[in-house]
Amino acid sequence: MDETNELIQQRMRKLETLKKEGINPYPNDFKVTHNSGDILKIYGSWSEEELKGLSDPFRLAGRIIAIRNFGKASFIHMKDQTGKIQAYFQKEILGDESFQFFKRFDIGDFIGLEGNLFRTKTGELTLQVKKFCLLGKSLRPLPEKWHGLTDIEIRYRQRYLDLITNPRVKEVFLMRGLIIQRIREFFNQRGFCEVETPMLHPIPGGATAKPFRTHHNALDMDLFLRVAPELYLKRLVIGGLEKIFEINRSFRNEGISTLHNPEFTMLEFYQSYATYLDMMEMTEELLGSLVKEFHGGFTLTYQEKRIDFTPPWRRIRFKDSLVEIGHLDPIILKDPQKAVETARKLGLELKKGTSHGRVLADLFKEWVEPHLLEPTFVTHYPTEISPLSRRNEEDPEVVDRFELFIAGREIANGFSELNDPLDQRERFLQQLKEKTEEGDPSLFFDEDFLVALEFGMPPTAGEGIGIDRWVMLMTDSPSIRDVIFFPLLRMEK
RNA sequence: GAGCCGUUAGCUCAAUCGGUAGAGCAACUGACUCUUAAUCAGUAGGUUGCAGGUUCGAUUCCUGCACGGCUCACCA
């Protein structure tokens with residue numbers, strides 16, 4: 001916005017005038033006694049007679065979002081965090097000088113009000129203003145009152161304008177906060193301890209995404225923003241913390257899309273002496289209870305699609321899903337060569353290598369994942385694409401792992417943890433080999449973690465849930481940018 | 001990184017075939033004591049994202065660039 005803009009200049013002049021008159025345009029001594037949301041909730045149904053019986057004055061503060069002037073009276077709407085309320089200014093009550101002062105207020109200014117409640121002819125609960133003061137002068141015009149702000153770039157870059165203008169946006173973010181609060185309560189009630197582990201990692205691990213690189217000057221040491229907290233949380237499990245969880249940011253240096261932001265929030269939790277089966281049950285309880293609380297039942301609508309969360313949720317083995325849901329020829333499950341042929345025939349590029357497990361994972365991504373609309377646990381993943389999961393007792397080629405899919409996207413990933421240090425070392429080496437063959441230098445060998453594991457880790461199960469994606473589902477948001485206040489954008493010139 | 005689409009007043013949007021860039025809200029002046037998208041009368045507000053090109057003339061056609069959106073790629 002141009003500083004020479006006429007509208008801004010006008011308001012700057014108003015500010016100068018206020019200062020010259022000795023009026024502080026930014027005071028901080030107004031004491032608030034009520035907010036609009038509580039007032040409407042408590043007195044919304046009171047009659048005019050009952051309202052007259054109230055003796056205490058109401059002191060509210062907020063931003064003016066609409067002004068309707070008459071010759072000797074004015075209505076405004078004022079907005080605070082809890083909602084908006086109408087206020088009525090009358091020359092007869094306020095006096096000439098005070099009423100003239102009010103007339104100099106602009107839409108966008110913060111105002112403190114004192115008065116009592118009454119009901120207008122149309123029945124709207126309104127504050128009859130007895131006293132008022134300026135609490136903060138606004139120097140820039142707000143977006144238009146009727147159409148609001150729709151320019152998506154301004155909505156992201158100047159989210160405060162989005163929040164002022166579009167009520168739904170505030171609802172979504174307040175709900176996000178509430179969901180995270182409930183998740184904390186869920187784990188606290190079950191005896192889990194919330195922990196915080198480093199975001200600056202000397203060796204990135206726990207996932208193979210490309211990391212952001214940074215540098216510590218005093219130690220002259222390269223560091224990486226974490227791609228996952230997993231390996232540090234497991235160190236805590238080794239240290240004897242049997243039930244822990246962390247809700248925090250991870251960072252992945254990859255593309256941006258409606259499902260991906262370079263920094264995103266993940267919930268990870270670990271429970272010793274539990275298995276991936278226990279994790280699935282706990283997931284049903286956690287997510288199911290959230291749906292129930294916020295949607296009044298076990299169903300919600302996401303992007304016009306009805307999704308039923310009534311437990312138990314469908315469970316299907318990874319390989320079975322390729323045949324039953326992907327309608328692929330069962331021969332690909334036994335014959336790696338046929339799997340490669342099928343993938344190529346279907347137009348997949350197989351950039352990640354042609355090992356059987358990876359090819360099947362590629363086929364899964366393309367032919368199964370988009371069809372998993374109702375909550376579905378896919379289990380028994382191939383061992384070679386699950387380097388941190390415990391092998392299945394009956395079939396060591398698969399692991400005791402699941403991924404939860406809802407609305408055709410991955411929401412959670414959990415497994416019984418691999419606590420055999422020798423097997424873990426082998427898997428890391430195997431992973432390193434694969435990556436080296438592809439010429440990808442982004443993988444590092446975390447010897448320190450293996451040493452920790454060699455001290456002994458109890459049998460444990462763990463899980464990660466993508467909070468942003470879950471909030472998208474809960475708030476019917478089509479893009480991850482709708483649930484992150486400030487999604488990453490390129491810098492403006 | 002690729003393809004497609006978009007960018008006009010503070011905001012939301014118009015502008016015919018290439019022919020003087022308009023409206024509503026917001027703002028300013030005036031009228032108005034129950035309005036709520038208040039109403040009425042008037043005024044002002046533009047480097048049409050940026051840089052080139054074609055043309056007598058470009059918001060409009062062409063090229064490049066910037067930013068954004070969607071799709072794809074990337075993301076076990």
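Keep in mind that what you see is a predicted model, and the values were worked out from it rather than measured.
At the heavy-atom level, Glu92(A) lies under 4.0 Å from base atoms of the strands shown. Among the heavy atoms of the strands lying under 4.0 Å from Asn69(A) is at least one base atom, whether or not backbone atoms are also near. Using a 4.0 Å heavy-atom distance criterion, Arg252(A) is classed as making no nucleic acid contact. Among the protein residues, Lys14(A) comes within range of the sugar-phosphate backbone only, with heavy atoms under 4.0 Å from sugar or phosphate atoms but none that close to a base. Gly206(A) comes within contact range of at least one nucleobase, with a heavy-atom separation under 4.0 Å.
Taking atom CD of Glu153(A) as the reference point, atom P of rU12(B) lies 12 Å away to the nearest angstrom.
Comparing rC34(B), rG69(B), rA76(B) against the side chain of Ala207(A) picks out rA76(B) as the nearest. Out of rU33(B), rC34(B), rG10(B), the shortest distance to the side chain of Ala73(A) is found at rU33(B). The nucleotide whose nearest atom lies closest to any side-chain atom of Thr150(A) is, among rU35(B), rG68(B), rU12(B), rU12(B). When each of rA76(B), rU35(B), rC70(B) is scored by its nearest atom to the side-chain atoms of Thr120(A), the top-ranked nucleotide is rU35(B). Minimum atom distance to the side chain of Ile152(A) is reached by rG69(B), of the listed rA76(B), rG69(B), rC34(B). Closest to the side chain of Phe118(A), from the set rU71(B), rC28(B), rC34(B), is rC34(B). Of the listed nucleotides (rG68(B), rU33(B), rA27(B)), rA27(B) has the atom at the smallest distance from the side chain of Ile107(A).
Taking CG of Leu200(A) as the reference point, atom CZ of Phe212(A) lies at 13.5 Å (rounded to 0.5 Å).
Where Asp106(A) and Ile67(A) each meet RNA chain B at their nearest nucleotide, the meeting point lying more 5' is that of Asp106(A).
Taking the six-membered ring where tryptophan is involved, the planes of Phe105(A) and Phe132(A) are perpendicular, since the angle between them exceeds 60° and thus also 30°.
The backbone N or O of Val340(A) lies less than 3.5 Å from no partner atom in the side chain of Thr342(A), so there is not a single donor-acceptor pair.
A close approach under 4.0 Å does not occur between any side-chain nitrogen or oxygen of Arg157(A) and OP1 or OP2 of rG69(B). Dashed line: the shortest gap from a side-chain N or O of Arg490(A) to OP1 or OP2 of rC67(B) is under 4.0 Å.
Evaluation of atom-type donor-acceptor distances gives a pair under 3.5 Å for the side chain of Tyr88(A) against the base of rU33(B).
Cation-pi geometry between Arg159(A) and Phe485(A) is not satisfied (NZ or CZ under 6.0 Å from the ring centre, within 45° of the ring normal).
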